[in-house]
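A short worksheet on the structure shown next.
Indexing begins at 1, ligand by ligand and atom by atom, following the structure's order. When a residue number appears, it is its place in the shown sequence, counting from 1.
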Amino acid sequence: MTLNILFSADAKNWQDYEKPLKNGLAKAGLVANVKTGFTPAEVDYIVYAPSSALQDFTPYTRAKAVLNLWAGVENVVGNTTLKIPLARMVDPGMTQGMVEWVAGHVLRHHLGMDRHIHGLNGVWRKDIPPLAKDRKVTFLGLGALGQACGQALAQFGFNVSGWSRSAKEIDGMTCYHGDAGLEQALQDAEIVVLLIPLTNETENLMNTQRLTLLPEGAVIINPGRGPLIDDAALIAALDNGQIGHATLDVFRIEPLPVDHPFWVHPNVTVTPHIASETRIETAAQVIVENIRRGETGAPLLHLVDRDLGY
Ligand code: NAP
């Protein structure tokens with residue numbers, strides 16, 4: 001049987017993905033039409049970007065799954081017309097990119113690189129940074145990305161801990177979970193990395209009270225989602241020295257408006273949602289593998305739990 005696979009994303013995505021998807025499907029022995037338009041009732045799988053025009057899944061009566069092109073699903077998980085399984089993107093290329101971005105920004109703060117990059121004023125500042133083993137780095141979120149980044153930093157020697165919803169045991173990391181675990185995770189965290197999805201539970205996770213739990217001068221690195229942090233609380237904490245620096249890749253409104261105080265705050269670094277991108281070749285393989293699984297009755301990878309919201 002020939003499968004009909006709807007590619008519902010923007011024109012640039014289609015340009016990038018068409019060949020790798022078609023090649024991957026053929027290599028997997030799947031006979032398929034992959035197109036950007038079908039009669040809805042004839043579609044078997046939907047490869048999907050939440051920003052695409054498709055928002056009403058009701059007419060897709062035959063479709064077996066929606067395969068998200070993005071890691072974050074906050075813009076699709078609440079769609080009440082979507083009744084079939086939703087898989088999010090966990091892409092080895094994206095994971096590697098995130099490991100590199102997080103490691104780079106953690107090392108910047110750990111080594112105090114800014115002092116020397118911006119301090120070219122004739123002063124011989126021989127301040128030696130501590131070794132990684134004496135630096136506490138904490139990950140909020142121990143999923144595909146938090147675990148990979150945490151383990152990479154643990155390999156480097158950092159004292160790494162992390163926090164998740166459910167209890168975990170991860171080599172090289174101290175793991176906390178639940179409300180009490182969050183307090184423990186934050187209380188001595190010198191560098192905190194947010195790699196948690198945006199859900200009803202996690203919005204404004206880093207509010208005034210939680211920012212106060214951190215040791216004075218702690219650094220926050222947020223490649224997760226903007227609304228995980230209460231912006232006003234963060235600015236107040238930066239102004240009073242409770243937070244030493246915030247490196248932010250994601251924001252409530254993107255692009256970050258030009259008049260937003262983050263742009264001009266001396267202790268904020270803004271990066272334009274570039275921490276990590278889905279990499280076409282590896283992501284196409286993940287989508288093909290899920291279609292192969294769907295067709296052979298195997299469980300789909302990376303299924304989203306609609307009740308939990310991620
Ligand atoms: P994931 O595999 O779904 O992992 C999510 C982690 O967050 C899990 O450890 C989960 O706990 C934890 N979590 C969720 N809700 C929680 C709660 N209420 N309390 C405590 N822990 C909670 O996600 P991922 O693939 O690692 O991605 C994480 C996020 O990174 C994505 O959702 C996306 O927003 C962001 N992201 C950003 C970029 C970028 O370029 N900036 C790129 C990709 C992804 P359990 O393990 O117990 O379930």
Side-chain angles (χ1 to χ4, degrees), residues 49-51 68-78 86-105 138-153 160-170 173-186 189 192-207 210 220-229 246-256 269-280 282-283 286 300-310:
S51 59
N68 209 44
L69 285 170
W70 303 354
V73 290
E74 68 273 15
N75 293 329
V76 57
V77 74
L86 168 67
R88 65 198 194 84
M89 178 53 69
V90 177
D91 157 34
M94 178 163 56
T95 302
Q96 179 59 27
M98 187 62 84
V99 167
E100 293 175 14
W101 188 91
V102 167
H105 286 277
T138 295
F139 284 82
L140 301 189
L142 291 174
L145 299 175
Q147 277 194 39
C149 294
Q151 286 188 305
L153 290 176
V160 185
S161 67
W163 177 73
S164 55
R165 194 180 46 77
S166 55
K168 293 203 188 309
E169 277 182 31
I170 302 171
M173 297 176 72
T174 307
C175 298
Y176 302 99
H177 69 282
D179 287 347
L182 179 57
E183 269 190 40
Q184 287 175 287
L186 292 179
V192 182
V193 183
L194 306 187
L195 273 170
I196 212 154
L198 176 60
T199 66
N200 292 336
E201 307 266 302
T202 63
E203 182 161 5
N204 290 323
L205 180 73
M206 294 312 286
N207 56 18
R210 304 244 169 70
I220 290 199
I221 299 180
N222 185 16
R225 283 292 181 261
L228 297 174
I229 302 180
T247 293
L248 309 172
D249 184 57
V250 284
F251 306 91
R252 281 167 196 272
I253 301 175
E254 294 181 8
L256 183 66
T269 299
V270 169
T271 63
H273 202 145
I274 44 94
S276 194
E277 265 294 311
T278 308
R279 307 292 156 148
I280 314 298
T282 42
V286 174
L300 296 190
L301 299 172
H302 318 310
L303 281 179
V304 171
D305 181 323
R306 309 285 255 287
D307 294 330
L308 292 175
Y310 68 98

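- When only interatomic distances are considered, the shortest N/O to N/O separation between Thr199 and ligand 1 does not fall below 3.5 Å.
- For ligand 1, one of its N or O atoms has an N or O atom of Gly143 under 3.5 Å away.
- The distance criterion of under 3.5 Å between nitrogen or oxygen atoms is met by Ala144 with respect to ligand 1.
- For ligand 1, the atoms sitting less than 4.0 Å from at least one non-hydrogen atom of Val250 are 41 (N), numbered in the order shown with element in parentheses.
- Side-chain contact between His177 and Leu142: absent, with no pair of heavy atoms (C-beta onward) separated by less than 4.5 Å.
- Not a single heavy atom of Val90 sits under 4.0 Å from any atom of ligand 1.
- Residue-to-ligand polar distances place Ser166 within reach of ligand 1: an N/O pair is separated by less than 3.5 Å.
- Here the side chains of Pro223 and Leu195 are in contact, with some heavy-atom distance below 4.5 Å.
- Any N or O atom pair closer than 3.5 Å counts here, and Pro223 shares at least one such pair with ligand 1.
- Met98 counts as a contact of ligand 1, since one of its heavy atoms falls under 4.0 Å from the ligand.
- For ligand 1, the polar-atom distance check against Glu277 finds no nitrogen or oxygen pair separated by under 3.5 Å.
- For the residue pair Gln96 and Glu100, a side-chain donor N or O sits within less than 3.5 Å of a side-chain acceptor on the partner.
- Distances between N or O atoms of Met94 and those of ligand 1 include no value under 3.5 Å.
- For the pair Arg279 (side chain) and Gly97 (backbone), a donor-acceptor distance under 3.5 Å is absent.
- The shortest distance between side-chain heavy atoms of Ser276 and Trp101 does not fall below 4.5 Å.
- Polar contact with ligand 1: absent for Trp163 (N/O pair, distance under 3.5 Å).
- Considering backbone and side-chain atoms together, Ile274 places no N or O closer than 3.5 Å to any N or O of ligand 1.
- Look at Arg88 and you'll find a heavy atom under 4.0 Å from some atom of ligand 1.
- Heavy-atom contacts of His273 reach the following atoms of ligand 1: 39 (C), 40 (O), 41 (N) (cutoff under 4.0 Å).
- With hydrogens and angles ignored, the 3.5 Å screen pairs a side-chain donor or acceptor of Trp163 with a backbone N or O of Gly178.
- Asp91 and Thr282 share a side-chain donor-acceptor pair at under 3.5 Å.
- The atoms of ligand 1 that sit less than 4.0 Å from any heavy atom of Ala71 are 43 (C), 44 (C).
- Counting atoms of ligand 1 from 1 in the listed order, those under 4.0 Å from a heavy atom of Asp249 are 39 (C), 40 (O), 41 (N).
- Close contacts of ligand 1 with Arg225, meaning ligand atoms under 4.0 Å from a residue heavy atom, involve 33 (C), 34 (O), 35 (C), 36 (N), 37 (C).
- Considering backbone and side-chain N/O of Lys168, one or more are found under 3.5 Å from N/O of ligand 1.
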